[in-house]
Asks: 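Questions regarding the structure given below will be posed in turn.
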Amino acid sequence: MAEMADANIEDAEQMNKIEAPSQTPETAADEAKPATEEQEEPENASETLYIQNLNDQVKLSYMKTTLTNLFRHYGKVLDVVAHRNVRMRGQAFVSFAHVDLARKALKEVQKFPLYGKPMQVSYAKTRSEAVVKTLSPEEFDEFHALRLKRKKRSRWDNPVRRKLRLKKEALATGAQPEAPAPTAKRPVVLMPDEYLPPNQILFVQNLPPDITKDALVAMFSRFENFYEVRMIPTKKDIAFVEYADEASATVAKDALHNFKLDGEAKIKVTYARK
DNA sequence: AGCACA
């Protein structure tokens, strides 16, 4: 346990040597510090991570769940906040109870390609409500006592909002299993098929089990730049269909996704995992 | 690019 912590600190220092922003001393005292001093963590570290470059095609609730699951590897996730308005889309705030957890998460998840886009992770500029609430309940209560006095039945305190808020609080403080220390350098998140990045290979699911390869070829070769259909002997309800390029695959995918083969169940056509 | 929640 102690050894692990030490190893992490070393890692953090090595990372800083490569990636830490250049120091800009603000006072003469800072400037006078010996240059031999060890690299320090950036001073802007926060319990909350600010994430940019998220795929805004992904439904917000889905994105929040994914982020919660992704980041719970590093400690209890207090809250995930994201909005879809113009200014805020593609961004999210993920809160932990300790800066150390955030630091480790930042380091390991940086550039992680979520839904096809590398996450850009930094620290939030201000403290999150969820963090204040857990780390300094008095401060939180004081703030809210004031608010409630001012706006008894405002748009932030009507029954609908209240229900939403309670749900959110349940999520923030809720019983998330204590996460074990991460073992892999990169976290493993299973991407839903629908959100996989483009691929010249398509993944076809929910095929009727008696479908023949010829039937599939007939169906998919109607689209330009078709290359081949591959089936798996043991799994008869799925197939892979390859095209010469992503654009061609995309045309076929869009045309055939949810297509009813026997007037029966719809087939599912998505990009294959790379 | 863009730092919210209260």
Side-chain angles (χ1 to χ4, degrees), chain A residues 19-22 24 26 41-72 74-107 109-174 176 197:
Chain A
E19 296 199 352
S22 54
T24 51
E26 283 166 14
E41 287 289 343
E43 285 309 305
N44 63 157
S46 160
E47 298 88 353
T48 299
L49 296 177
Y50 172 56
I51 304 169
Q52 297 175 89
N53 198 36
L54 293 170
N55 188 335
D56 58 21
Q57 304 296 97
V58 178
K59 210 173 143 212
L60 208 56
S61 60
Y62 220 112
M63 180 58 86
K64 286 195 191 181
T65 309
T66 307
L67 288 172
T68 308
N69 288 332
L70 172 60
F71 280 100
R72 80 188 336 155
Y74 305 99
K76 181 170 155 183
V77 175
L78 299 184
D79 199 10
V80 175
V81 175
H83 305 273
R84 48 158 203 203
N85 59 55
V86 214
R87 191 158 149 248
M88 286 296 111
R89 68 182 44 164
Q91 300 149 78
F93 298 85
V94 177
S95 299
F96 295 95
H98 304 287
V99 200
D100 290 351
L101 302 175
R103 239 195 295 266
K104 187 164 191 335
L106 180 145
K107 201 173 56 136
V109 164
Q110 188 65 273
K111 306 277 170 66
F112 180 78
L114 187 61
Y115 299 118
K117 300 188 73 187
M119 292 195 283
Q120 187 57 51
V121 190
S122 55
Y123 295 109
K125 282 178 180 161
T126 59
R127 260 193 159 180
S128 301
E129 190 200 359
V131 173
V132 177
K133 191 159 79 179
T134 55
L135 260 47
S136 160
E138 327 74 39
E139 204 181 313
F140 182 84
D141 290 344
E142 198 177 291
F143 184 82
H144 282 272
L146 265 170
R147 275 198 79 81
L148 288 183
K149 226 179 264 176
R150 302 227 147 212
K151 312 186 158 198
K152 255 271 154 78
R153 275 283 131 111
S154 74
R155 59 200 201 97
W156 295 112
D157 191 37
N158 59 45
V160 178
R161 287 274 174 188
R162 180 184 295 265
K163 213 194 281 178
L164 277 172
R165 193 169 357 112
L166 287 177
K167 223 162 103 186
K168 203 166 107 183
E169 284 170 13
L171 203 152
T173 56
Q176 297 184 33

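Everything numeric here is computed off the predicted structure, so don't read it as measured data. Convention: sequence-line order gives letters A, B, ...; per-chain numbering from 1.
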Asks: Please round to the nearest 0.5 Å and tell me the distance separating atom CE of A:Met63 and atom CG of A:Leu70.
Replies: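 Here the interatomic distance stands at 10.5 Å.
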
Asks: Kindly say whether, by distance alone, the side chain of A:Thr48 makes a donor-acceptor pair under 3.5 Å with the base of B:dA4?
Replies: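 No, the side chain and the base share no sub-3.5 Å donor-acceptor pair.
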
Asks: Distance check needed: B:dC5 C1' versus A:Lys125 NZ, whole Å only.
Replies: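 About 16 Å, once rounded to whole Å.
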
Asks: Using atom OH of A:Tyr50 as one end and atom P of B:dC5 as the other, report the distance to the nearest whole Å.
Replies: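 In whole Å, B:dC5 P and A:Tyr50 OH are 13 Å from each other.
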
Asks: For the residue pair A:Lys117 and A:Asn55, confirm or rule out a side-chain donor-acceptor distance under 3.5 Å.
Replies: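 Distance-only check fails for A:Lys117 and A:Asn55.
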
Asks: Closest heavy-atom contact between A:Ala102 and A:Phe96?
Replies: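 Nearest pair, atom of A:Ala102 first, then A:Phe96: CA-CD1, 3.7 Å.
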
Asks: How many whole angstroms separate atom CG of A:Leu54 from atom P of B:dA4?
Replies: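 It works out to 16 Å between those atoms.
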
Asks: Within this structure, what is the CG-to-P distance between A:Asn85 and B:dA1, rounded to whole angstrom?
Replies: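 Value for this atom pair: 17 Å.
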
Asks: Between CZ of A:Phe140 and CG of A:Leu135, what distance do you get to the nearest 0.5 Å?
Replies: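 If I round to the nearest 0.5 Å, the distance is 13.0 Å.
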
Asks: B:dC3 P sits how many Å from A:Gln120 CD, rounded?
Replies: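 One finds 14 Å between P of B:dC3 and CD of A:Gln120, rounded.
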
Asks: A:Leu106 CG to B:dC3 P: how many Å, rounded?
Replies: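 Distance check: A:Leu106 CG to B:dC3 P gives 17 Å.
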
Asks: For A:Asn53, report the nucleic acid contact type (base, sugar-phosphate, nothing); a contact means any heavy atom under 4.0 Å.
Replies: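 Base contact - A:Asn53 has a heavy atom under 4.0 Å of at least one base atom.
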
Asks: Tell me: CZ of A:Arg84 to P of B:dA4, nearest whole Å?
Replies: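 For the pair A:Arg84 CZ and B:dA4 P, the rounded distance is 18 Å.
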
Asks: Between CD of A:Gln91 and CZ of A:Arg84, what distance do you get to the nearest 0.5 Å?
Replies: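 Taking CD in A:Gln91 and CZ in A:Arg84, the distance rounds to 15.0 Å.
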
Asks: Rounded off to whole Å, could you give me the CD-to-P distance for the A:Glu139 and B:dC5 pair?
Replies: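 Rounded to the whole Å, the gap is 18 Å.
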
Asks: With side chains defined as the heavy atoms from C-beta onward, is the minimum distance between A:Val58 and A:Thr66 less than 4.5 Å?
Replies: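 Side-chain contact under 4.5 Å: no.
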
Asks: Using a 4.0 Å cut-off on heavy atoms, which residues in residues 86-98 of chain A reach DNA chain B? List them by number, or say none.
Replies: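 Heavy-atom contacts with DNA chain B come from A:Val86, A:Arg87, A:Met88, A:Arg89, A:Gln91, A:Phe93.
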
